[in-house]
Amino acid sequence: MATIPPQARSKQLRACLLCSIIQHPMDFRKIGCPNCEELMQMKGSPDRISVCTTTYFDGIIAVIDAEASWVARWQRTSKYVRGMYAVRVKGRIPEDVEAELESRGIKYRPRDQSDQD
Amino acid sequence: MSGLDDDYDIQDPIQHENEEEDNEQQSQPRASGKSRGSIYDALDGEDEEEEDDEEDEDEEGEEPGRDRGRKRAKVCAIVDLHRCHRHRRNAVNRFLDVEAEVDTEEEEEEEEDEAGGDEFIADIGPEGDEDDVNRRAAVNARLDRRERELNDQDLAKIAQNLHERYGRAAVRYTGDMNEVPQRLLMPSVHDASLWQVRVKPGRERDIVFSLMRKAIDLEYTAQPLSILSAFQRDSLPGMVYVEARSAQQVNQACKGLVGVYPSRGIVLVPIEEMASLLQIKKQDLTVTPGSWVRIKRGKYQGDLAQVMDITENGEDVGLKFIPRIDLNPRDDANVDGRKRKKAGTGLTTMRPPQRFFNYEEVVKVHGRKQVSKRNQVYVFQNDTYKDGFIEKDFKLNALQLDNVNPTLDEITKFSRGQDGADNENPVDLSIIAEASRKAAIAVLQPGDHVEVFEGEQSGVYGVVDSINQDVVTVTAIGVDIDGQKVDVPARSVRKRFKPGDHVKVMTGQNADETGLVISVTDNVVTFLSDMSMQEVSVFSKDLREAAEVGSGTNVVGNYELHDLVQLDLQTVGVIFKTERDSFRVLDQNGQVRLVQPHQISMRRNSDRAIATDSEGHELRVQDNVKEIEGEARKGRVLHIHQSFFAFLHNRDILENGGVFVTRCRSLSSLAPKGNLVKPGMDLGKMNPTAAGGAQGGMVGSGAMGRGPRDRDIGAVITVVKGNHKGYNGIIKDINGTQARVELNTGNKVITIDKQKLYRRLPDGKLQPLSAPYHQQGQQRNMGPPAGVPSRTPNPYTASRTPGWGGGRTPNPFASGDGKTPAWNASSRTPNPYVSDGSKTPAWNASSRTPNPYAGGDGGKTPAWNASSRTPNPYSEPSWGSGGWGGSASPARPADSSWSSWNAPTPAAAATPGFLSAPTPAAYTGAPTPAGIMNDPGSMSAPTPGVSGNEDDHDSDFGLVLRDPLIANKKVVAEIRGSADAGWLDGDLEFKKGYVSSAFASLSEITALFHPLDSPGDPPVHVPTVYLQPVQPEEVEDHALVLRGIHKGKHVVLRESAGHGVWKVSQFQDPEAFSIDEESLVKLYHV
């Protein structure tokens, strides 16, 4: 269960570049990304937050039942915690994270819908 | 719970035992629950027992209050017993946890502690405090125990807890979903459906969030939400999509949320469209260094900027653009500090013009300290400036990336650089060209002359034959492949123009301009505008060949070229250029502004504005003038503002479309003579003293106004439409089609469309403002009325001051007679000033100007006025009310039997009223006694201004007609004197008719006159000065009594009593009475 930002229209809301979860930057700092903190290491590090998340996203999804939801599946967030997710996130994760993903053999899918197969 | 004592008895032994065990095993970790307050372990068993009791009670959640008293007492007793072991606390100490640090069973330690603590721990007070002490002890014990419980928790367990709580961070990211191709994720029939829900636009995000929170809130309730997800897309305003198995579930989820409109339908999204909802992609707007953007907000709103760099995450964009530095900062900004500054920025402060950063300039204005220099970069107010440009980071979403359409102007400005000199390497136009090329495809049309400028076919030109998406078929014109059709990509084609072509601009800033092409360089075409005769350079894509000569639109909205417009309270300006939806305005300070129509508060009319030029001559709009100083520019006056600024226009001046502003005082007319003799501005005439003549002082005051006003100003109107329908008011001002109306009610001035106003005629009828209306509208603005001078208070007539008139009274002719002045009056030669004695002075005086200096018959008035109009000190003749009713002068018998007036004795007149008034003169002035007899009404003339003799009857008649008893009675009258006065060329002279109504304006009384002999004719408005009453002539004539006690009665002539006296009776009333013929007026009676 991720923290639900209190202000829906806050301009500050940021979306994780990897899992597209939307949180207030404060929450990113306090608890990091609930899904991919292991890779992103954002907790307590505003610098990391600014490179691993973005305010430039479009569309907000309230994922209530991640396992059952087709929307979550389509967005590839069904294994993630419940919370608010962005439909589209502009930008790519930092190179180090991308390299780490690669080393683990995980395919990185940018969330900007640039490649859809 | 049983009584304490029982408890005590039962528990005592066990407890005691336990306690002792505990004491023995104090070194062991106390995993088990039973822990106790430290100090009590030091107490002996009994005490301990008691405390435990209390604890138990508390833990059981019972309210110990009732038992407490008893218990306390007991505890007290016990504690008392062991006082030597315990700390003693009094009221103050209850707030100090003096024993908190003391460990459990170490009595020695405690004793030490006690000894050490004694100094600041007050001794326990008298016995009364004891129960307090005990209660606290109990509380402490409880706290201590809990603490220990925590301490004793298994460390491992804590670790596990922590792990549970925060361990998620360590979850390994697997990305297991990422391998699945997107197409395999397409929805199937087994998936829940998407439902489209209408919501309030702008609230989509909030609603999605609300749904999430609601789902969490209700998760473990009896009725959890059964929706699976909800989402919103920025590109789909007013909609939220909810994933659920049924519409019912969606409905349930949306119930109670503000801004959701389930009533507008919860629509199922077809399964094949589900994925595309999530795939909607805004046109990807990528910024690359070098590309052009516009700034959306702030001081630089709308300004073109060039991208320099982009941060890694693409959020911040480094831009370079032309700064707008305020070189005229408000002085107070520095003094008052930030507050003022902030307030200032909120208002519509002028935006400083674009200007390259110039170190010297800025330092001069803002001070050296404000600007610092690092390498080649200046830092000023936290912004960096390089090569004159400002370099600043912007958020991506504060920038406009599409439809940037940089104009050639802007680009050249950019490329020109700081010094205004052409830069060595100008800005790369290829980027714009690239951008414009995309657009160019869209503007190609069959028939366009195009040129292939790149690729294999480069150099070929021809006419566009057809366009199929990105491929253009061109019919080539040229030597070898003439007539062939060639397919070329649209992007490789550009419109082709050659010098001499007549073109028209289709889009952009110069839209609708037309002109002749002068030169063509690549895709930039320069043409000479038909309108401004200036060279204009535009991209060829924006041009079309056109035969028409564009006049351009000089009208945007309600404003057009060369209008004087109000920009804000202090600023007016003249529109010198109209653009597509904006104006270029030159304000009175000489600054050029780009304004939108909505920024203009109103158009001003300076048609009648007058100013004085350098030579003191008047200066009017449309005059041709020249500057006497400065550049000696010539021009035609377009507008004059506040008699100080003149906006001139000269076609020969290229700047600002030939419009410039200057001070009126620095202008001189090009045709000064014409100005000198302009009529109406003779200063002599404006001086009432010098004026003399018929105009008198009043004329001066009339002419000194601001020139002729709008005819309708001052009109009495009724609102016939809109919110204020039915309201009456007076037009105070007119601006175009808008009128400012002061409502009669509520003391309110409203601005309202003139169309909604109807003139309210005095008879209550309404007529459109546009309808001709002479009587009132024109006359009232025309200075002193010629008709009824007696009502205009003429300071020179002094008619009202009895003393003045009285001073003249000793009429040499009158006194010589030894008779009463009245008698003299009868002889008709009373006035020494009268040149033609045959007339009574009053006659002309009344109908003409009563100016003593006027000479001629006008000169007679004062004497006459003084006489007949003397305001009687005993009566207060009030115009229009009771004054007329015959009570004007107390001298007059209330029931004037006219015979009494006939008495030619001065005694008759020598009533107190007349005596106190300058009586002799009165009678002197009154032409004849007979006159008095004939027209007693004169005696009751309500105002001093009203004349009072027979000859004056006509003007008097107007007043009669206005009398409430007589008004609207269809009195028959005859038009007399109109021929002499030239009124309507005398056409209506001697016409008889009845008067349906009469109404007074400031200057005269006008009657609505219905001609009798031509009943079909429309009624005419006749000034009552031209009206004379028609007296009844025959028996059975209907008549109206004008004066006396029967005044206002409708009578029928019964028989003649001889000598102009009739016996009359009221209509359908046999009782007859006699009345003088003069007092009767014929009634129109059918």
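All of these numbers come straight from a predicted model, not from anything done at the bench.
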Derivation and outcome, side chain to side chain contact (heavy atoms under 4.5 Å, CB included), residues A:Trp70 and B:His190: CA-CA 9 Å; A:Trp70 165 78; B:His190 305 294; over 6 Å; no

Side chain, backbone, both or neither: which part of [X] has a heavy atom under 4.5 Å from chain A?
| X | answer |
| --- | --- |
| B:Leu277 | neither |
| B:Glu204 | neither |
| B:Glu243 | side chain |
| B:Ala275 | both |

For B:Glu219, is there an ion pair with A:Arg82 - N to carboxylate O distance below 4.0 angstrom?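 Looking at B:Glu219 together with A:Arg82, the answer is yes, because their closest N to O distance falls below 4.0 Å.
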
Within this structure, what is the [atom1]-[atom2] distance for the pair [X] and [Y], rounded to the nearest 0.5 Å?
| X | Y | atom1 | atom2 | answer |
| --- | --- | --- | --- | --- |
| A:Thr55 | B:Leu396 | OG1 | CG | 8.5 Å |
| A:Trp74 | B:Met186 | CH2 | CE | 4.5 Å |
| A:Arg73 | B:Ser229 | CZ | OG | 11.5 Å |
| A:Ile61 | B:Tyr241 | CD1 | OH | 13.0 Å |
| A:Ile60 | B:Arg205 | CD1 | CZ | 4.0 Å |
| A:Asp58 | B:Arg233 | CG | CZ | 4.5 Å |

Compare every heavy atom of [Y] with every heavy atom of [X], then report the nearest pair and how far apart it is.
| X | Y | value |
| --- | --- | --- |
| A:Phe57 | B:Asp234 | O-OD2, 4.1 Å |
| A:Ala68 | B:Leu228 | O-CD1, 3.7 Å |
| B:Leu278 | A:Val71 | CD1-CG1, 3.9 Å |

For B:Gln182 and A:Arg76, does a side-chain donor sit closer than 3.5 Å to a side-chain acceptor?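 Present: a donor and an acceptor within the cut-off.
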
For A:Val87, is it the side chain, the backbone, both or neither that has a heavy atom under 4.5 Å from a heavy atom of chain B?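 Side chain only.
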
Counting only heavy atoms closer than 4.5 Å, note whether A:Pro6 contacts chain B via side chain, backbone, both or neither.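 For A:Pro6, the backbone is the part near chain B, not the side chain.
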
For the [atom1] atom on [X], are there more than 12 heavy atoms of other groups (residues, nucleotides or ligands in this structure) within a distance under 6.0 Å?
| X | atom1 | result |
| --- | --- | --- |
| B:Glu272 | CD | yes |
| B:Lys200 | NZ | no |
| B:Glu273 | CD | yes |

Who among A:Ala66, A:Ser69, A:Gly32, A:Gly105 has the most heavy-atom pairs with chain B under 4.5 Å?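 Most heavy-atom pairs within the cutoff with chain B belong to A:Ser69.
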
So B:Phe231 and A:Val63, do their side chains get closer than 4.5 Å, heavy atoms only?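 Sidechains of B:Phe231 and A:Val63: no contact.
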
